[in-house]
Structure formats: C-alpha cells, structure tokens
Peer 1: 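Let me give you the structure first, and then I'll get to my questions.
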2 protein chains.
Amino acid sequence: MDIRDVARRARVSTATVSRTVNQVATVDAQLAKRVWKAIAELGYYPNRQARALVSGRSRVFGLIVSEITNPFFPEIVQTFETLAVEQNYEILTTSTIHDPTRMELAVRRMIEGRVDGVAILTFGMEDELLEHLRFRNLPLVFVDVGPKAPRVSNIRVDYAHGIRQAVQHLAAMRHEHIGFVTGPLKLRSAVARKDAFEESMREIGLEVKPEFIVEGDHRLEGGKFAFQKLCKLREQPTALMCSNDMTAIGVMRQAFEFGIAVPQELSVVGFDDTRLADFMIPPLTTIQMSQTELATLAFNALLKEVKREGPAPNGTEYKLNTQLILRNSTTFPTNNNQVKSRVAPKRAAQAPPEDKA
Amino acid sequence: MDIRDVARRARVSTATVSRTVNQVATVDAQLAKRVWKAIAELGYYPNRQARALVSGRSRVFGLIVSEITNPFFPEIVQTFETLAVEQNYEILTTSTIHDPTRMELAVRRMIEGRVDGVAILTFGMEDELLEHLRFRNLPLVFVDVGPKAPRVSNIRVDYAHGIRQAVQHLAAMRHEHIGFVTGPLKLRSAVARKDAFEESMREIGLEVKPEFIVEGDHRLEGGKFAFQKLCKLREQPTALMCSNDMTAIGVMRQAFEFGIAVPQELSVVGFDDTRLADFMIPPLTTIQMSQTELATLAFNALLKEVKREGPAPNGTEYKLNTQLILRNSTTFPTNNNQVKSRVAPKRAAQAPPEDKA
DNA sequence: AGGGGCATGGTAAACGTTTACCTAAATCCC
DNA sequence: GGGATTTAGGTAAACGTTTACCATGCCCCT
C-alpha cells in the first residue's frame with residue numbers, strides 16, 4: 001500500500017497525490033477530492049522514511065536527557081513535545097542515565113536517525129562526542145555546555161542568582177551552619193551549583209565547611225544517604241541546601257525517619273522547583289529553574305536554526321534565570337544546633353509555616 | 001557522506017561496506033579493516049531511513065503513554081528503553097495527555113514511522129483508532145484494552161487483588177467510612193479501579209457511599225481538589241483510597257494544609273507504588289503495580305511477535321498482579337470520625353508507624 | 001590435470017517518496 | 001485572434017541503503 005496504489009485508484013499520478021497530501025501546490029479540487037477519497041478508502045499513510053530520505057529533512061528533533069526518571073525532565077519532555085506537535089515535528093527522546101556508553105549511543109541514534117536538530121539536557125557529555133555532532137552541522141542546543149563552541153546554541157543557566165537568594169534567605173534567619181548536598185560531581189551542572197553555593201557563602205561571610213558538603217546523585221536515594229552521612233558528624237548543619245528537589249525529598253524523608261523535624265530542627269531547600277515541590281510535607285522551599293521556559297527556549301532555538309536554511313547552524317546564547325521560591329521547609333534554627341545524633345524515630349511536632357520572609 | 005564514499009575510500013564495493021557494518025556475511029579481514037578505517041576517517045554513520053526503507057524493518061518500537069508527567073510512566077519508559085538498547089531497538093515515545101486529538105496523532109506517528117510494534121499504555125483509546133493499527137498487522141500490546149481483539153497482545157492487570165487487600169487492611173483496623181478518589185473516568189483503567197473498590201467494599205460488607213467517591217484526574221491537583229470537596233461533607237471518611245499515587249499525594253498535601261494529620265485523622269492509600277511513595281511523609285501505603293515488570297512484559301511481548309516472522313501477529317494474554325504495600329499512611333481511625341470541617345492549618349502531631357499489620 | 005564446491009566480493013535492482021523538468025491547456029493582453 | 005504567460009499535472013530521477021544474483025578464484029579430490 002503505497003502512493004502508487006493511491007494514484008492508481010484516484011486515476012492521477014503519484015506527483016499529484018504527493019502534492020495534495022503535502023499541499024505544496026494547487027491541485028484541482030476535483031482531483032484532490034478523488035485523492036483524499038482514495039487515501040481514506042485504502043487507509044494510506046505516507047512512509048516517513050521514504051519521505052525523509054528524498055527530502056533530506058526528517059522533521060524529527062532529538063532530545064537527550066539525563067534521566068527521565070527525575071521529574072524535572074518529564075515536564076520538559078512534555079512541553080517540548082507539545083511544541084513539536086504544533087510544528088508538525090517529532091521528538092526522539094533518550095536518557096543517558098549518566099552512563100558514557102549510553103551517551104555515545106544516544107549521539108549515534110541521533111546521527112543515524114538524521115534528526116534535524118538536537119537538544120542536549122544531559123550535563124556530562126564528553127567534548128569528543130559533541131564534536132561528532134558538530135561535525136554534522138546539526139543545529140544543536142545545549143544547556144550549560146562547558147566550552148563555548150562555535151555554531152552551537154547554548155542556554156546558560158544563572159544558577160548563582162537563585163542560590164545566592166537562598167543563602168541570603170537562610171543567613172537572614174541566622175543560620176550559620178549551612179550544608180549542601182551535591183549532585184553527581186561528574187556533571188557540570190552539579191559542579192556549577194555547588195560552586196555557586198560556596199561562592200555565595202563566602203560572599204556573605206559564612207564559612208563553608210568541607211564536611212558539610214556531601215555528594216548525592218540527584219536521586220531520592222542519594223539525598224537519603226547523604227543525610228545519613230551528615231548525621232554521623234559531631235556538629236551538624238541547621239540548614240541544608242540540595243542540588244535538586246529529589247535530593248531534598250530524600251533528605252526530608254531521612255530526617256523524618258530519624259525524627260528530626262523539618263523545618264524546626266532542619267531547614268531544607270531544594271533546586272528545580274519541580275511540580276512535586278509544592279506537594280511535599282512540608283512544602284519545599286526551592287530554587288526555581290522553569291522547566292517550561294527551558295523547554296520552550298530549547299525548542300525555539302532549534303526551530304530557528306532549522307528555518308534559517310544556511311549550510312551550517314548559527315548558534316545563539318540564551319539565558320535562563322533561577323529564583324528562590326519560598327515555601328515552608330525553612331525556618332529559624334533552634335538554639336541547640338549541636339550534636340543531634342542518629343536517633344530512633346521520635347515524635348516530631350509539625351508546625352505552621354512561618355517564613356514567607 | 002554516504003556508503004559510496006566509504007566504499008571508494010576503502011576501495012571496495014558498497015556491498016562490502018554494508019556487509020562489514022552489519023556483520024551479515026564473512027568479509028576478508030584485510031578488507032574489513034580498510035572499511036572500518038574509512039568509516040572512522042570519514043565519520044560515517046549509516047542512514048537509518050534508507051536502511052529501514054529497503055529492509056522493511058525500522059527497528060523502532062512505539063510507546064504510547066498517557067502522561068509522561070505522571071511518575072508512573074517515566075519508570076516504564078526507562079526500563080523499556082534499556083531493554084530496547086540491548087536489542088538494538090529504538091523507542092518512539094509519545095504522550096496523549098488524555099486528549100483524543102493527541103491520540104490520533106500518536107497513532108498516525110506510529111504508522112507513518114513504520115514502527116515494528118507499539119505498546120499502548122494509555123487507557124482511553126478509541127476502538128476505531130485501534131482498528132487503524134490492527135489493520136496494518138502491527139504487533140500491538142495493550143494494557144487493559146477493553147474489547148478483546150484478536151491478534152493483539154494484552155497485559156491484563158488484576159486491580160482487584162491489591163484493592164481487595166487494601167480494603168481488607170482498612171476494614172481490619174475498623175475503618176467503616178472509606179472513600180475513593182478516582183482517576184479521570186473516561187479512562188478504562190480508572191473505572192476498573194473504582195469498580196474493584198466498590199466490589200471489594202460490598203464483598204466485605206461495607207457500605208459504599210456515593211458521596212465518598214469523587215473524581216480526580218490522576219494528577220496532584222486532582223487529589224487536592226478532591227479532598228477539598230470531601231471536606232465539605234457533613235460526615236467524612238476516615239480513610240481514603242486513591243486511584244494513583246499522585247492523587248494520594250495531593251490528598252495528603254491538602255490534609256496537611258487543613259491541619260488534618262495523616263494517618264491519625266485520615267488514613268490514605270495510593271495506587272501504583274511509584275518510587276516516590278516510599279519517600280512521602282508519612283511513607284505512603286499503596287498498591288503496587290510493578291512498573292519494571294509491566295515494561296518488561298510489554299517489551300518482550302513485542303519482541304516475541306517481531307521475531308515470529310509470520311504475516312500477522314499472534315497476540316498473547318499476559319497477567320500482571322497488584323499487591324498492597326504497607327507503609328505508614330494508614331492506621332486505626334480515631335473515635336471522633338465525625339464532622340471535621342475545613343479548618344485553618346492547625347498543629348498536627350506526627351506519629352510513628354504503627355501498622356505493618 | 002580437470003572439475004566441483006565454496007568463499008568472497010561486485011553489480012544492480014528495489015524500497016516509497018519528493019521534486020525538477022516538461023508538456024499541454026487555459027488565460028491574458030493588445 | 002494570436003503570441004506570451006500562467007497554471008495544472010505528468011514523467012522520471014534521485015535519496016542511501018540492502019540484498020538477490022552473479023562472477024571470480026581458490027582449494028580439494030579423484
């Protein structure tokens with residue numbers, strides 16, 4: 001069942017069928033009607049592969065994410081896909097789950113699939129891999145790529161802004177012992193967040209204690225383990241900032257299990273402002289990095305390059321800001337912010353929100 | 001840069017290049033080496049479209065989900081993709097977000113993309129759409145399709161089992177007023193869960209009060225609104241079962257805002273056992289529907305059909321069980337399970353886990 | 001030494017479209 | 001009314017692979 005069957009049945013040429021389907025030239029209303037009729041009767045669907053092969057454009061955008069399992073990404077995928085649908089594009093999504101092999105595979109898939117552009121939201125890509133992509137003169141948009149490569153678009157995220165706000169917020173409440181649970185430190189984005197934290201601390205004149213900085217994995221479990229680790233310390237932080245919301249949720253969960261009340265005994269702030277954040281108990285104070293905005297920026301960057309029709313993409317720099325969202329997981333530190341050893345679950349009083357400072 | 005460039009540079013024919021790349025026939029070690037060298041030097045990647053066009057197989061499986069934004073699905077997508085990678089397959093994922101237009105689009109994309117099979121995890125697909133798919137003699141695997149169609153595989157989920165367990169669990173703790181927050185009732189799966197609930201209640205001799213059953217949307221907000229609605233009732237349920245975990249989280253969040261303690265004043269049980277469930281505060285008692293198992297079942301069903309090589313797929317029935325996972329969001333009802341009007345946030349005592357019954 | 005069999009690699013057709021080019025008809029303008 | 005211009009639709013080449021078919025050369029056996 002191909003275009004020729006349709007042509008035969010409608011008693012026209014394949015060219016006419018193609019033209020009616022793609023509405024690329026005027027075709028007589030009579031003929032068009034016959035064509036559509038034949039298409040419906042036959043249940044004909046054009047073959048995308050053949051189409052792409054001859055036209056040289058696949059109408060597919062690739063989207064490489066770290067871990068679809070992290071709620072930060074589905075939100076992006078969703079709006080990316082919705083945007084794509086509007087433009088009659090398709091999305092080819094793959095997760096790299098921080099694995100070099102999977103990254104290579106992802107790149108290979110994109111190139112072999114001859115996608116028209118790719119958005120890369122996984123933050124630890126090797127430069128050499130990137131080179132393979134650039135070599136094809138594909139429109140590329142990165143979030144936070146390290147080296148500033150020519151001809152690729154970039155969405156630079158201003159982590160520092162939101163993080164500085166958070167540190168100031170905490171400091172304003174007289175927190176002095178602030179810890180940080182990082183993401184996997186092989187990711188540039190995780191390192192950037194951690195650096196911004198340290199920077200902000202120094203800026204404000206607070207000491208950053210190395211033992212208060214522990215590595216997580218941007219997953220729930222990582223937050224949990226990190227907090228366990230922190231709990232073994234002699235002196236403990238009264239506030240904990242986390243490299244993403246999942247980490248913060250893991251921290252809060254472990255605190256709950258240890259009978260440590262959030263925010264009374266421990267303030268925690270997340271990062272990303274995923275949809276979940278506002279649904280945590282207590283609602284999570286976090287730093288927003290708008291997922292819809294990010295997705296829209298990325299998609300439009302790609303679309304723009306694709307429409308430009310030049311031999312090679314242009315590359316543009318975009319900016320995405322971050323900003324503190326106050327909810328109820330932070331408050332003033334209690335006085336006895338000393339040794340709080342790992343205890344069996346104990347009764348913890350739940351208190352009403354008090355900050356909104 | 002195509003196979004001919006490689007052939008020229010390696011001084012062999014395109015056939016030889018193809019054969020080396022696909023390892024489909026023995027080729028002389030010397031030649032093969034030359035070919036690989038040429039490929040590396042040129043940065044050649046085969047064109048998937050051309051490949052698919054001539055071979056008739058795209059090595060792509062489609063995956064249609066409801067809402068990637070619901071954490072139930074990313075988990076499935078992840079394991080589906082991992083399985084696919086192992087078999088050198090690709091995944092084309094699309095969300096329908098319960099929208100008929102998007103469903104039609106999804107189906108169209110699958111057919112036009114000439115995928116080798118599709119797994120459908122969106123639960124409200126029209127039969128007519130399904131017919132389009134079946135007509136192409138594509139391997140198809142549904143989760144919970146209503147009418148039992150020939151030649152399509154099905155994964156039947158035994159919702160009743162887990163739900164009965166939950167109802168019994170609640171009843172054993174002397175809950176008598178049990179409510180249910182459904183999913184969107186245009187979804188078969190949502191209806192099935194609700195029906196199973198009512199059935200179980202009757203079975204055990206508990207009254208199901210129509211006003212205790214309120215429709216949600218399988219999202220966080222739906223749970224929140226549903227609980228608000230419930231709170232306006234004169235008499236209120238002491239336990240609430242939810243059609244999925246997101247709904248349960250929404251309910252708990254609203255309860256928190258109203259100062260109603262979970263589980264002391266309200267027991268809640270979820271459905272799905274998403275990864276998040278164990279990280280809620282309190283950890284959510286829920287009904288497990290294994291996402292990895294589901295994904296594996298679906299993937300293997302497709303793979304099996306694809307390997308069968310017959311003219312039309314065969315269709316197999318699979319079973320997936322559900323089962324209650326006890327955590328800490330349920331306990332005995334307090335005595336005064338009467339009017340509990342919507343109150344301003346009040347102090348709510350947090351209690352240690354007590355069930356594990 | 002000659003012939004059969006096998007291993008290897010080349011030639012070219014085919015996959016299902018789009019589109020450049022061409023032809024024929026219709027329209028327009030003076 | 002006739003040439004110029006526009007419009008509609010057909011013919012066939014091209015896209016980049018895989019693979020059926022064929023040719024060649026080598027080995028082995030008698």
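Since this is a predicted model, take the numbers as computed values, not measurements. So you know, we letter chains A, B, ... as the sequences are listed, proteins then strands, and number each from 1.
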Peer 1: Quick one: is Ser13(B) getting a side-chain N or O under 4.0 Å of the dT11(C) phosphate, OP1 or OP2?
Peer 2: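 False: Ser13(B) side-chain N/O out of range (4.0 Å or more) of dT11(C) OP1/OP2.
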
Peer 1: Distance check needed: dT17(C) C1' versus Met1(A) CE, whole Å only.
Peer 2: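 Result: 16 Å.
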
Peer 1: Please determine whether a side-chain nitrogen of the Lys or Arg among Asp116(A) and Arg57(A) lies less than 4.0 Å from a carboxylate oxygen of the Asp or Glu.
Peer 2: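 Looking at Arg57(A) together with Asp116(A), the answer is yes, because their closest N to O distance falls below 4.0 Å.
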
Peer 1: Return the value, rounded to whole Å, for the distance between atom CZ of Arg57(B) and atom P of dC15(C).
Peer 2: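 Arg57(B) atom CZ is separated from dC15(C) atom P by 18 Å.
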
Peer 1: If you check every side-chain atom of Arg19(B), which of dT17(D), dG10(C), dC15(D) has the closest atom?
Peer 2: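 It is dG10(C).
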
Peer 1: I want to verify a distance call: between dG9(C), dG16(D), dA20(C), whose nearest atom is closest to the Ala50(B) side chain?
Peer 2: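 Side chain of Ala50(B) sits closest to dG16(D).
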
Peer 1: Between Arg59(B) and Tyr89(B), is there a donor-acceptor pair closer than 3.5 Å when you use the side chain of the first and the backbone of the second?
Peer 2: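 Not confirmed, Arg59(B) side chain does not pair with Tyr89(B) backbone.
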
Peer 1: Using atom CG of Asn22(B) as one end and atom C1' of dA20(D) as the other, report the distance to the nearest whole Å.
Peer 2: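 Between C1' of dA20(D) and CG of Asn22(B): 16 Å.
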
Peer 1: Measure distances between side-chain N and O atoms of Arg48(A) and base N and O atoms of dG16(C), and say whether any donor-acceptor pair falls under 3.5 Å.
Peer 2: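 Side chain to base: no pair below 3.5 Å.
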
Peer 1: If you assign Val27(B) and Gln49(A) each to the DNA chain C nucleotide with the nearest heavy atom, which residue ends up on the more 5' nucleotide?
Peer 2: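 The answer here is Val27(B).
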
Peer 1: Categorize Thr16(A) for me: base, sugar-phosphate, or nothing, with a 4.0 angstrom heavy-atom threshold over every strand shown.
Peer 2: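 Touches sugar-phosphate only.
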
Peer 1: Considering every strand and a 4.0 Å limit on heavy-atom distances, what is the contact class for Val24(B): base, sugar-phosphate, or nothing?
Peer 2: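 If one applies the 4.0 Å heavy-atom cut-off, Val24(B) turns out to touch nothing in the nucleic acid.
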
Peer 1: For the side chain of Ser55(A), counting heavy atoms from C-beta on, which of dT18(C), dT19(D), dG9(C) is nearest?
Peer 2: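 Given the options dT18(C), dT19(D), dG9(C), the side chain of Ser55(A) is closest to dT18(C).
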
Peer 1: Do Val152(A) and Val141(A) have side chains that get closer than 4.5 Å, going by heavy atoms?
Peer 2: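 Side chain of Val152(A) against side chain of Val141(A), heavy atoms only: no contact under 4.5 Å found.
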
Peer 1: When you match Val17(B) and Thr26(A) each to their closest nucleotide on DNA chain D, which lands nearer the 5' end?
Peer 2: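 Between the two, 5'-proximity favours Thr26(A).
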
Peer 1: Indicate yes or no: at least one non-hydrogen side-chain atom of Arg219(B) is less than 4.5 angstrom from one of Asn70(B).
Peer 2: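 Contact flag for Arg219(B)/Asn70(B) side chains = no.
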
Peer 1: Report the distance from atom CG of Leu53(B) to atom P of dA13(C), rounded to the nearest whole Å.
Peer 2: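 The answer, rounded to whole Å, is 17 Å.
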
Peer 1: Whole Å only: how far is the CZ atom of Arg51(A) from the C1' atom of dC15(D)?
Peer 2: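 For the pair Arg51(A) CZ and dC15(D) C1', the rounded distance is 15 Å.
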
Peer 1: Looking at dT17(D), I'd like to know if its phosphate oxygens (OP1 or OP2) sit under 4.0 Å from a side-chain N or O belonging to Tyr44(B).
Peer 2: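 True: Tyr44(B) side-chain N/O within range (under 4.0 Å) of dT17(D) OP1/OP2.
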
Peer 1: Taking for each residue the nucleotide of DNA chain D bearing the nearest heavy atom, is the 5' side occupied by Thr14(A) or by Ala25(A)?
Peer 2: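 Residue closer to the 5' terminus by nearest nucleotide: Ala25(A).
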
Peer 1: Got Ile68(A) and Phe73(B) here, is their nearest side-chain heavy-atom distance under 4.5 Å?
Peer 2: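 No; the side chains remain at least 4.5 Å from each other.
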
Peer 1: Is there a donor N/O on one and an acceptor N/O on the other, under 3.5 Å, for the side chain of Arg114(B) and the base of dG16(C)?
Peer 2: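 No, the side chain and the base share no sub-3.5 Å donor-acceptor pair.
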
Peer 1: Starting from C1' on dA8(D), measure out to CD on Gln23(A) and report it in whole angstrom.
Peer 2: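 So the two atoms are 17 Å apart, to the nearest Å.
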
Peer 1: Does the side chain of Ser18(B) get closer than 4.0 angstrom to OP1 or OP2 of dT17(D) through an N or O atom?
Peer 2: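 No, no such contact exists.
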
Peer 1: Where do Ile91(B) and Leu92(A) come nearest, in terms of heavy atoms and distance?
Peer 2: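 Closest approach of Ile91(B) to Leu92(A), heavy atoms only: O-CD1, 3.8 Å.
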
Peer 1: Does Arg4(B) place a side-chain N or O at less than 4.0 Å from the phosphate oxygens OP1/OP2 of dG16(D)?
Peer 2: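 Arg4(B) to dG16(D) OP1/OP2: side-chain N or O found under 4.0 Å.
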
Peer 1: What integer distance in Å separates Glu112(B):CD from dT18(C):P?
Peer 2: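 Going from CD in Glu112(B) over to P in dT18(C) covers 10 Å.
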
Peer 1: Output yes when at least one side-chain N/O atom of Asn47(B) is less than 4.0 Å from OP1 or OP2 of dC15(D), else no.
Peer 2: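 No, because none of the side-chain N or O atoms of Asn47(B) sits under 4.0 Å from OP1 or OP2 of dC15(D).
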
Peer 1: Rounded to the nearest Å, what distance is computed from the CG atom of residue Asp28(A) to the P atom of nucleotide dA25(C)?
Peer 2: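 From Asp28(A) CG to dA25(C) P: 15 Å.
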
